[in-house]
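Structure record follows, encoded as C-alpha cells.
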Number of protein chains: 2
Amino acid sequence: MTADAAPAVVCAALGEPTRWKILTRLGEGPMSASALAKVMPVSRQAIGKHLDVLREVGLVESEQRGREVVYVAVGARLNALARELDRIGRVWETRLLRIKELAENPDAGPPAGS
Amino acid sequence: MTADAAPAVVCAALGEPTRWKILTRLGEGPMSASALAKVMPVSRQAIGKHLDVLREVGLVESEQRGREVVYVAVGARLNALARELDRIGRVWETRLLRIKELAENPDAGPPAGS
DNA sequence: CATCACTGCAACCCTATGATTGCAGTTCGC
DNA sequence: GCGAACTGCAATCATAGGGTTGCAGTGATG
C-alpha cells in the first residue's frame, strides 16, 4: 500500500517547489534521475530523494530499464487526489450553507441531540 | 489578487499537518483563532500564522465579528484546485499514452524536426 | 578486459519555518 | 470605569528537511 496516502500527505509532496518541477518534467515523458539532474539546477542525489517521496505517495512509478531507472508521472494519482479534494470542498460548502440558513431561520432546524 | 496562486503553492499550504487540521476544523463551521487554539495543542499565535498562510492562497476568508475575527473555510477554492490538478493529471496520461503508441508503432508518427 | 555511466547509501551543512513567549492595543461585559 | 477576552506585532528557539559531497557497487560499451 503506497497509493492511498491521505490528501494532506500527497499535497505535502506536491507542495515542494523542486518536486513540482521534477513532476512537471516527468509529465512530459519518462526520464531517469540522472537525465533530470542534467536538466535541473540540483544534484542527482537531491532529485533521487524527491523521487523517493513522490513514489511514496504514488505520484510516480519507477521501472528498471537496463542499467538505469526510468520514472514516470502517474496522472491517475493526481486525478484521485483531485476527486478527494473536490469532495471535501463540497462538504464544506454544504455545511456552511446549512449554517447560514439556520442563522436566518432558527426554527425547524436541529431536532434532538445532546 | 490572492486567489489565483499556482497549484503548487496551494498544495504547500495544504500539506502542512497542523494547517490541514485547522482547515478541517473550519470546514465544520466558522471559528475564531482563539477558539481554535482552545481546541488544538498549539498556541493562538501559531494558529494565527497558519491562518495567514491559508488566507494568502484563498483557502480561508476572515470576517470581523465584533471584537473577534471569524475564519471560514472556502470550499470553492479547494474545488478550483481540484479542477486544476485533474486537468494536469489528464494531460500526463494523454502524453504517456501517445508515447507508448509511438513506441509500438514507430511509423507515421513524428514529422520533421531536428 | 578496461572504462564509463548510472545507481544507492551515508554523512554533513544550513536555511526555512513551525512553535513559543512576551507585550501592547481594542472591544465587550459588568 | 475596570477587568477580561481577543487581536496583532516582534523576538527567539529548535527541528525538519532540502541540498551537497564522497564513495562503492553494478550493468553497459568500446
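Order of the sequence lines fixes the chain letters, A, B, ..., with proteins taken first and strands second; residue numbering starts at 1 for each chain.
- Contact between the side-chain N/O atoms of Lys38(B) and the OP1/OP2 oxygens of dC6(D) is found at a separation under 4.0 Å.
- The base of dG29(C) has none of its N or O atoms less than 3.5 Å from a complementary donor or acceptor on the side chain of Arg67(B).
- Gly66(B) comes within contact range of the sugar-phosphate backbone alone, with a heavy-atom separation under 4.0 Å but no base atom that close.
- One interatomic measurement links the two molecules: CD of Gln45(A) to C1' of dT7(C), which rounds to 9 Å at whole-angstrom precision.
- Put simply, CG on Leu54(A) is 10 Å from P on dG18(D), counting in whole angstrom units.
- When distances are taken from the side chain of Val42(B) to each of dT7(D), dG8(C), dT20(C), the shortest belongs to dT20(C).
- With rounding to whole Å, Glu56(B) atom CD is found 13 Å from dG18(C) atom P.
- Contact check for Val53(B) versus Glu16(B): no side-chain heavy atoms found under the 4.5 Å cut-off.
- Between His50(A) and the phosphate of dG17(D), there is no side-chain N or O to OP1/OP2 separation shorter than 4.0 Å.
- Scanning all heavy atoms of the two residues, the minimum distance from Leu36(A) to Leu26(A) falls at CD1-CD2, 4.1 Å.
- In this structure, Arg87(A) CZ and Leu78(B) CG are separated by 10.5 Å, a value rounded to the nearest 0.5 Å.
- Ser43(B) has no side-chain polar atom (N or O) that falls below the 4.0 Å cut-off from OP1 or OP2 of dA19(C).
- Between the CZ atom of Arg55(B) and the C1' atom of dT7(D) there is a distance of 12 Å, given to the nearest Å.
- The nearest pair of heavy atoms linking Ile99(A) to Glu28(B) is CD1-O, 3.9 Å.
- Side chain Lys49(A) to base dG19(D): a donor-acceptor pair is found below 3.5 Å.
- Backbone-only contact: Glu16(B) has heavy atoms under 4.0 Å from sugar-phosphate atoms and none from a base.
- Distance CD (Glu68(A)) to P (dT7(C)): 6 Å, rounded to an integer number of Å.
- An OP1 or OP2 oxygen of dA5(D) is reached within less than 4.0 angstrom by no side-chain nitrogen or oxygen of Ser34(B).
- Spacing between atom CG of Leu51(B) and atom P of dC6(D) amounts to 15 Å, rounded to whole angstrom units.
- Look at Arg19(A) and you'll find a side-chain N or O under 4.0 angstrom from OP1 or OP2 of dG18(D).
- Within 4.0 Å of Arg65(B), counting heavy atoms only, lies no atom of the nucleic acid at all.
- Between Ala35(B) and Ile47(A), the residue anchored closer to the 5' end of DNA chain D is Ala35(B), taking for each the nucleotide with the nearest heavy atom.
- In this structure, the nucleotide among dA19(C), dG19(D), dG8(D) sitting nearest to the side chain of Ala46(B) is dA19(C).
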